Amino acid sequence: METPVLGKSTPEGARDYLVPSRITPGTFFALPQSPQLYKQSLMISGFDRYFQIAKCFRDEDLRADRQPEFTQVDLELSFTDRAGVMSLTEKLLKHLLKQVGRSCTIPFPRIAYQDAILRFGTDAPDVRFGLEIEDVSGLFTDTAFTVFKNALSSGGVVRAINLKGHSSALSRKDLDDLTPLVHSCKGKGIAWIRMTEDGPQSPIIKYFSEDESQSLYRKLHAHPGDVIVFAADTEKIVCRSLSAVRLYLGRKLGLIDDTQLAFTWVEDFPLFEHDETGRTASVHHPFTSPIEADIHMLETDPFAVTSDAYDIVLNGSEIGGGSMRIHNAELQRRVLSILGIDEQTSHDTFGFLLEALQYGAPPHGGIALGVDRIMMLLLGTESIRDVIAFPKTQKAACLMTGAPSLVPREQLDELHIESIAPDINDA
RNA sequence: GGGGGUGUAGCGAAGCUGGUUAUCGCGCCGGCCUGUCAAGCCGGAGAUCGCGGGUUCAAUCCCCGUCACUCCCGCCA
């Protein structure tokens with residue numbers, strides 16, 4: 001099934017690519033960030049299966065694994081559930097791997113979002129190696145060590161990784177080299193303790209009480225030959241920092257088997273989060289269903305509500321994500337209302353969906369898999385642009401054709417557009 | 001918007017602390033040889049060292065600026 005590319009701009013999610021309408025002055029189409037609303041409409045209208053190899057567009061800054069136009073295998077099923085989508089996806093990927101002479105065992109392991117964040121510091125964990133993170137905040141509630149004390153008293157956390165048995169492989173300089181890495185994650189620094197036969201060596205150990213040290217070693221099962229690294233800050237910064245440290249050291253210590261394909265499901269995401277301005281936003285998108293058991297606390301405790309969404313991760317890269325969708329108009333209204341999207345805006349933007357839901361929609365859900373990222377991982381390349389013909393540069397330009405480019409003023413006039421950018425009309 | 005890296009022949013790279021004709025591989029051109037199959041041998045062309053400025057007797061190398069590409073943070077699923 002194919003769906004339109006010229007669609008409607010929606011307030012949620014990434015920045016849209018806009019296309020001006022010549023026929024209706026002053027109005028714009030948006031290129032799809034995903035065919036989400038179309039495929040749901042198809043389910044509601046009675047198609048029980050859908051798939052599409054879909055081009056998607058998101059006007060955000062680029063990364064090694066991200067460019068603004070990309071390709072998804074987009075699929076949706078009615079009368080299914082999370083297990084149904086997961087099972088289908090696993091079979092699809094297994095089949096795909098077979099075609100290219102690789103293999104995997106299904107079902108894939110699953111990890112809850114909160115566990116992923118705690119143990120790996122990220123919702124896209126690379127599970128090919130250990131070096132897992134442990135929370136040690138509880139051991140330092142009354143600590144004299146100001147760095148930990150300040151982090152904890154302002155609501156932060158102290159977490160650590162025990163680099164078991166790697167002490168001899170890590171010089172003092174190696175440990176000091178972690179500092180700039182942590183700085184790049186907005187962290188203030190990183191502390192470490194080296195466990196030796198002659199006792200712990202560390203610039204910070206002198207600030208710990210005997211109790212603190214002992215319970216720390218017990219909790220982390222620390223023995224001579226180990227090195228413990230710490231971060232203390234807000235949870236977000238600690239996770240980001242230790243995740244970066246973990247990956248860096250995993251590579252440096254040669255712990256990552258790059259012939260391995262380690263798939264993981266990440267599930268039980270929260271339904272909502274605070275966006276940068278502190279407002280309530282969808283973690284996934286506004287059509288994601290909460291799990292049945294949490295619906296009752298949507299209004300009373302929205303941030304505790306778990307969503308029926310799932311991501312699939314391969315070797316530490318998110319290669320797809322999906323969810324069960326809301327198939328009830330009333331529930332959809334409640335969620336939009338919690339997101340602060342007023343009745344009028346809901347109606348103007350998603351009215352067609354709300355109306356369709358009213359006629360009785362089947363339970364449905366699906367997933368979208370990132371084709372470019374999967375290709376990148378299967379080929380072992382380091383950039384998504386290695387597997388895209390005519391890729392965009394980091395400034396989202398096409399070097400070969402020179403797009404984007406200036407256009408003659410007449411063309412703008414026809415589209416009822418006037419540019420405020422300097423020199424734009426001199427093409 | 002912020003931080004880091006890179007820019008040397010068509011392509012991929014080397015060039016230590018500034019010092020005579022900027023090096024190597026692949027490719028290209030010419031010749032020789034050859035039962036080819038990623039051939040071999042000999043010879044050759046090809047570089048405003050991203051661009052602009054500065055320091056210096058002397059700059060690919062140091063400094064400032066600028067452009068491009070790239071990695072990361074913000075942003076994005």
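Since the model is a prediction, treat every value here as computed from it, not as a measurement. So you know, we letter chains A, B, ... as the sequences are listed, proteins then strands, and number each from 1.
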Item checked: Sugar-phosphate, base or nothing in reach of R63(A), heavy atoms under 4.0 Å -> base
Note to self: Just to be sure I understand the rule, does D123(A) reach a base, reach only the sugar-phosphate, or reach nothing, if contact means heavy atoms closer than 4.0 Å?
What the structure shows: base
Next item on the list: Report the residue (D311(A) or K186(A)) whose heavy-atom-nearest nucleotide on RNA chain B is the more 5′ of the two.
Entry: K186(A)
Item checked: Aromatic F129(A) / basic R246(A) pairing, under 6.0 angstrom, 45° off normal -> yes
Item checked: Step-by-step ring-ring contact (aromatic ring centres under 6.0 Å, His included) determination, Y50(A) to Y38(A) -> CA-CA 10 Å; Y50(A) 149 101; Y38(A) 296 113; 9.7 Å; no
Note to self: Mind checking if R385(A) touches a base, just sugar-phosphate, or nothing, with heavy atoms under 4.0 Å?
What the structure shows: sugar-phosphate
Checklist line | d(CG, D372(A); P, A77(B)) in whole Å | finding: 16 Å
Check: Residues in ring-ring contact (aromatic ring centres under 6.0 Å, His included) with F57(A), at least two apart?
Finding: none
Note to self: What contact category does G370(A) fall into here, base, sugar-phosphate, or nothing, at under 4.0 angstrom with non-hydrogen atoms?
What the structure shows: nothing
Next item on the list: Output every pair passing salt bridge (Lys or Arg N to Asp or Glu O under 4.0 Å) with a member in residues 306-323 of chain A, not counting sequence neighbours, ordered by first then second residue.
Entry: R82(A)-D308(A)
Item checked: Residue Q394(A), side-chain heavy atoms: nucleotide from C75(B), A68(B), U70(B) that is nearest -> U70(B)
Next item on the list: For R66(A), report the nucleic acid contact type (base, sugar-phosphate, nothing); a contact means any heavy atom under 4.0 Å.
Entry: base
Next item on the list: Could you check which of C71(B), C75(B), A77(B) has an atom nearest any side-chain atom of E60(A)?
Entry: C75(B)
